[in-house]
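We count residues from 1, following the sequence as given.
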Amino acid sequence: MPFDRKLANFILRIVLGVIFLVPGLMKILAFFGVLSYAYPPINKILPFIPLSTAGLLLGIVEFAVGALLVIGLYTRFAAWVAAILFAVFILSGIYLGLFMKAGLFKDVGLLAAALMLATEGCRKWGLDSRSLERMG
């Protein structure tokens, strides 16, 4: 069976989107008191914003990026934002001394996946792929 690059791109896009959708939704629901969720130590990085507000903002961004990746709309932009978020997570973990404790080593691989998706864009079963087909 030959390697289907478009299918691999699709699977990567969906998996990366779900990785952002779930925690984003949990942060949003935690802000409104629907469930309890332990926010990451955002207040140590952004001390001028209350932890719950920073968690809500991060949740909205994560949810939006995840939704865009899953439906395949503005895929390159969403993947670049995902890559920036992963880079910030990694650098923040190193700065706070939580890199190994928080298991952020997996984010290095996810950063590479986001960068790969940012350079390729949506190739199959997404709204961007339809516009690529029309363009030729």
_More than 12 heavy atoms from other groups under 6.0 Å of NZ on Lys6_ = no
_Tyr74 atom OH, neighbour heavy-atom count above 12 within 6.0 Å_ = no
Closest heavy-atom contact between [X] and [Y]?
{"X": "Leu58", "Y": "Ile42", "answer": "CD2-CD1, 3.7 Å"}
{"X": "Gly93", "Y": "Leu104", "answer": "CA-CD1, 3.4 Å"}
{"X": "Ala79", "Y": "Leu69", "answer": "N-CD2, 4.1 Å"}
{"X": "Val65", "Y": "Ala82", "answer": "CG1-CB, 4.0 Å"}
{"X": "Ser52", "Y": "Phe31", "answer": "O-CD1, 3.4 Å"}
{"X": "Ile49", "Y": "Ala54", "answer": "CG2-N, 3.6 Å"}

How many angstroms lie between atom [atom1] of [X] and atom [atom2] of [Y], to the nearest 0.5 angstrom?
{"X": "Phe20", "Y": "Leu110", "atom1": "CZ", "atom2": "CG", "answer": "8.0 Å"}
{"X": "Thr75", "Y": "Trp80", "atom1": "OG1", "atom2": "CH2", "answer": "14.0 Å"}
{"X": "Asp107", "Y": "Leu91", "atom1": "CG", "atom2": "CG", "answer": "11.0 Å"}
{"X": "Arg13", "Y": "Trp125", "atom1": "CZ", "atom2": "CH2", "answer": "10.0 Å"}
{"X": "Leu115", "Y": "Ile84", "atom1": "CG", "atom2": "CD1", "answer": "9.5 Å"}
{"X": "Glu62", "Y": "Leu57", "atom1": "CD", "atom2": "CG", "answer": "11.5 Å"}

Considering only heavy atoms from C-beta outward, does the side chain of [X] approach that of [Y] to under 4.5 Å?
{"X": "Phe105", "Y": "Met100", "result": "yes"}
{"X": "Asp4", "Y": "Phe10", "result": "no"}
{"X": "Glu120", "Y": "Leu12", "result": "no"}

*Determine, using the 4.5 Å side-chain heavy-atom cutoff (strictly less than), whether Ile11 and Val70 are members of one ILVMFWY cluster.*
yes
_Cluster link Ile45 to Val88, ILVMFWY, side chain under 4.5 Å_ = no
